[in-house]
Amino acid sequence: FGHTMVYVTHDQTEALTFADTVVVMYEGEIVQIGTPDELFSRPGHTFVGYFIGSPGMNVMPAEISGATARVGGQTVALPAAPRPAQGALELGIRPEFVRLGGQGMPATVTKVEDIGRHRIARIAFEGREIAAIVPEGQEIPAEPRIVFDAHGINVYADSWRVDYERPAA
């Protein structure tokens with residue numbers, strides 16, 4: 001119709017259903033403006049990652065060196081080296097990009113929630129609880145291991161997203 005409407009809600013499903021562009025606020029400040037897909041795929045702030053999606057994004061402290069991150073005693077491959085950043089560094093990865101199976105880093109499944117089309121596995125990993133989406137019918141191994149899909153990993157410094165360096169042409 002060519003009309004602009006401002007709609008205020010605390011319900012993420014409502015916001016993502018109705019809006020072409022969403023403004024996410026945290027503690028009275030705008031932390032990101034974008035399409036629902038942008039907010040989901042590239043959360044600009046850890047609050048956006050946790051607020052958008054169900055369950056929210058997994059966030060864990062990390063040490064970064066080039067294109068690898070260290071979470072506790074585990075090494076995680078990143079899609080590229082992030083730009084240099086100051087502050088507390090964290091990895092953010094959505095449960096959809098945590099692969100549970102027989103390969104990868106050791107983990108312990110503490111709980112499984114069956115919600116119909118898929119299951120949410122609650123996993124103890126390096127002293128933190130993270131979530132993974134497990135497709136219905138996929139077996140959960142007795143000695144589970146996890147892999148993070150590198151393309152689903154975001155890096156944050158003091159809760160703000162850090163872009164990856166672009167490869168030289």
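Below, each value reflects all heavy atoms present in this structure, side chains not excepted, and no hydrogens, waters or symmetry copies.
Under the side chain to side chain contact (heavy atoms under 4.5 Å, CB included) criterion, Ile133 pairs with Pro55, Pro95, Glu96, His118, Ile120, not counting sequence neighbours. Under the side chain to side chain contact (heavy atoms under 4.5 Å, CB included) criterion, Ala19 pairs with Val22, not counting sequence neighbours. Listed by chain and number, the residues in a salt bridge (Lys or Arg N to Asp or Glu O under 4.0 Å) with Arg122 are Glu113 (sequence neighbours excluded). Remark: Arg145 engages no residue in a salt bridge (Lys or Arg N to Asp or Glu O under 4.0 Å) (not counting sequence neighbours). Considering only residues two or more places apart in sequence or on other chains, Ala77 meets the side chain to side chain contact (heavy atoms under 4.5 Å, CB included) condition with none of them. Residues passing the salt bridge (Lys or Arg N to Asp or Glu O under 4.0 Å) test with Arg119, sequence neighbours excluded: none. The ring pair (Phe, Tyr, Trp, His ring centres under 6.0 Å) check on Phe148 picks up Phe125, with sequence neighbours excluded. Remark: Asp149 engages Arg99 in a salt bridge (Lys or Arg N to Asp or Glu O under 4.0 Å) (not counting sequence neighbours). For the side chain to side chain donor-acceptor pair (under 3.5 Å) test, residues two or more places apart in sequence or in another chain that qualify with Asp37 are Ser41.
Within the structure, side chain to side chain donor-acceptor pair (under 3.5 Å) contacts touching residues 14-27 (residues at least two apart or in different chains) are Tyr7-Glu14, Thr9-Glu14. Sorted by first and then second residue, the salt bridge (charged side-chain N to carboxylate O under 4.0 Å, His left out) pairs with a member in residues 38-55 read Arg42-Asp163; sequence neighbours excluded. Judged as a side chain to side chain donor-acceptor pair (under 3.5 Å), not a single pair has a partner in residues 81-92 (not counting sequence neighbours).
Residue-environment remark: OH (Tyr50) stays at or below the threshold of 12 foreign heavy atoms within 6.0 Å.
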